Trainee: 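Sharing a structure, written as structure tokens. Questions coming.
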Amino acid sequence: MATETDEQAEWFTLSEASRILGVHPATVRQWSDEGKLAAFRTPGGHRRFARGDIDRLLQVSPVRGAGLQSYLLTEAVAHTRKGLPEALAHAAWARSLPEDDRARWRGAGRRLTGLVSQLATRSALDEDQTRMALDFGRDYGRMMARRGHTLPDAVLAFLFFRDALLETVLQLPETTGIDRNAMLLIVGRVNVLLNSVLRAMMGAFEETVPGDDGDPGAPGGEVL
């Protein structure tokens, strides 16, 4: 039963409520069945949702609409920062990585994460943003090659980063309420971009002379 009287409430249909909440109608139906969003049923059995109940759900929901991008960025950076050092602690080559390389890597990772997060609400990056993402991969590949690391080590470290990003995306239905189909679309976009970045990284690695003391070059400026 809805929590507002007919005189006080502004009522919305299932599809209208889904647009306000920024989720699929099936998600709204599930929330209603679980008691997370109160609903009134018409004599014909159709659900109606009160404005007040929708607003209260929005206040506790972490994201909706364009806010998904900033939410994904925040969560992905936090997840990567927490999990990556622990994962790399098991790699002998990573323990000897100079601090300046670590700092450069962290900075590049945050900026690449910023680009990836935009795929939460866009089908693809524009040309300049795609170029920046590929440049991050090339810079990282050159850095690893110049330091004498192997290509498998470089790929493995990149995959740690990639897995952290994808795990954050896979948790979106639970943490934000978006439906599974929307989540899968985002996963597909992220995979396409990161596949291209990985390819650029491997190409730059193979073209770089090991032991070259030239400046590996810091990735481009902030894009967030």
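All values reported here derive from a predicted model rather than from experimental measurement. What you see below is based on every heavy atom in this structure, not just the backbone, and it leaves out hydrogens, waters and symmetry mates. Starting from 1, each residue takes its place in the sequence as its number.
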Trainee: Report the residues that fulfil side chain to side chain donor-acceptor pair (under 3.5 Å) with Thr42, sequence neighbours left out, ordered by chain and then residue number.
Mentor: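 With neighbours one apart ignored, the set is empty.
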Trainee: Does some side-chain heavy atom of Met201 sit less than 4.5 Å from a side-chain heavy atom of Val155?
Mentor: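 They are in side-chain contact.
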Trainee: Test of understanding: with salt bridge (Lys or Arg N to Asp or Glu O under 4.0 Å), list the residues that count as partners of Glu34, not counting sequence neighbours.
Mentor: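 With sequence neighbours excluded, Glu34 shows a salt bridge (Lys or Arg N to Asp or Glu O under 4.0 Å) to Lys36, given in chain and number order.
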Trainee: Going by side-chain contact (heavy atoms from CB on, under 4.5 Å), name the residues that satisfy it together with Thr150, two or more places apart in sequence or in a different chain.
Mentor: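 Thr150: side-chain contact (heavy atoms from CB on, under 4.5 Å) contacts with Pro152, Asp153.
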Trainee: With a cut-off of 3.5 Å and sequence neighbours excluded, list every side-chain donor-acceptor pair involving residues 180-187.
Mentor:
none

Trainee: Would you please name every residue forming a side chain to side chain donor-acceptor pair (under 3.5 Å) with Glu16, sequence neighbours left out?
Mentor: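 With sequence neighbours excluded, Glu16 shows a side chain to side chain donor-acceptor pair (under 3.5 Å) to Thr13, given in chain and number order.
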Trainee: Just verifying a value: how many Å separate Phe158 CZ and Leu194 CG, rounded to the nearest 0.5 Å?
Mentor: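 Phe158 CZ to Leu194 CG: 5.0 Å, rounded to 0.5 Å.
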Trainee: Identify the two heavy atoms, one from Phe49 and one from Ala39, that lie closest to each other, and give their separation to 0.1 Å.
Mentor: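 Looking at all heavy atoms of both residues, the shortest contact is CE2-CB, 3.5 Å.
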Trainee: First locate atom CG of Asp139, then atom CG of Leu112, and finally report the distance between them rounded to the nearest 0.5 Å.
Mentor: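 Between atom CG of Asp139 and atom CG of Leu112 there are 11.5 Å.
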Trainee: Is it the case that one hydrophobic cluster holds both Leu151 and Phe136, taking links as side-chain heavy atoms less than 4.5 Å apart, direct or via other members?
Mentor: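 Yes; tracing contacts between hydrophobic side chains, which count when under 4.5 Å, links both residues.
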Trainee: Strictly by side-chain hydrogen bond (donor to acceptor under 3.5 Å, both in side chains), give each pair with a member in residues 187-199 just once, sequence neighbours left out.
Mentor: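 Listed once each, the pairs are Arg162-Asn191, Arg162-Asn195.
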Trainee: Assigning hydrophobic clusters by single linkage (Ile, Leu, Val, Met, Phe, Trp, Tyr; side-chain heavy-atom cutoff under 4.5 Å), is Leu119 placed with Val192?
Mentor: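 No, separate clusters.
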Trainee: Shortest non-hydrogen contact from Phe205 to Gly141?
Mentor: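 Answer, listing the atom of Phe205 first, then Gly141: CD1-O, 3.4 Å.
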Trainee: For residues Ala133 and Leu193, report the shortest heavy-atom separation together with the two atoms involved.
Mentor: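 For Ala133 versus Leu193, the nearest heavy atoms are CB-CD1, 4.0 Å.
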Trainee: Roughly how far, to the nearest 0.5 Å, is the CG atom of Leu165 from the CZ atom of Phe160?
Mentor: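 Going from the CZ atom of Phe160 to the CG atom of Leu165 covers 14.0 Å.
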Trainee: Is there a donor-acceptor pair closer than 3.5 Å between any side-chain N or O of Tyr140 and the backbone N or O of Leu198?
Mentor: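 It does not hold such a pair.
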Trainee: side-chain contact (heavy atoms from CB on, under 4.5 Å) with Glu167: which residues, sequence neighbours excluded?
Mentor: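 His79, Gln171.
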Trainee: Are any side-chain N or O atoms of Ser32 and backbone N or O atoms of Val28, one a donor and one an acceptor, separated by less than 3.5 Å?
Mentor: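 No, Ser32 side chain to Val28 backbone: no donor-acceptor pair under 3.5 Å.
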Trainee: Please list, chain by chain and in numerical order, all residues satisfying side chain to side chain donor-acceptor pair (under 3.5 Å) with Asp163, sequence neighbours excluded.
Mentor: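 Per chain and number, Asp163 pairs via side chain to side chain donor-acceptor pair (under 3.5 Å) with no residue.
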Trainee: Quick one: CE on Met143 to NE2 on His149, what's the gap to the nearest 0.5 Å?
Mentor: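 One gets 7.0 Å once the value is rounded to the nearest 0.5 Å.
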Trainee: Rounded at 0.5 Å granularity, tell me how far CD1 in Ile54 sits from CG in Leu37.
Mentor: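 So the CD1 of Ile54 and the CG of Leu37 are separated by 6.0 Å.
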Trainee: Under the rule for side chain to side chain donor-acceptor pair (under 3.5 Å), what residues qualify as partners of Arg138, not counting sequence neighbours?
Mentor: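 Scan of Arg138 (side chain to side chain donor-acceptor pair (under 3.5 Å), adjacent residues dropped) gives Asp135.
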Trainee: Restricting to salt bridge (Lys or Arg N to Asp or Glu O under 4.0 Å), what partner residues turn up for Asp33, sequence neighbours left out?
Mentor: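 If we apply the salt bridge (Lys or Arg N to Asp or Glu O under 4.0 Å) test to Asp33, skipping adjacent residues, the hits are Arg47.
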Trainee: Out of curiosity, Glu127 CD to Thr130 OG1, how far, rounded to the nearest 0.5 Å?
Mentor: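 One finds 8.0 Å between CD of Glu127 and OG1 of Thr130.
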Trainee: Of all heavy-atom pairs between Ala145 and Thr208, which one has the smallest distance, and what is that distance?
Mentor: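 Looking at all heavy atoms of both residues, the closest pair is CB-CB, 3.7 Å.
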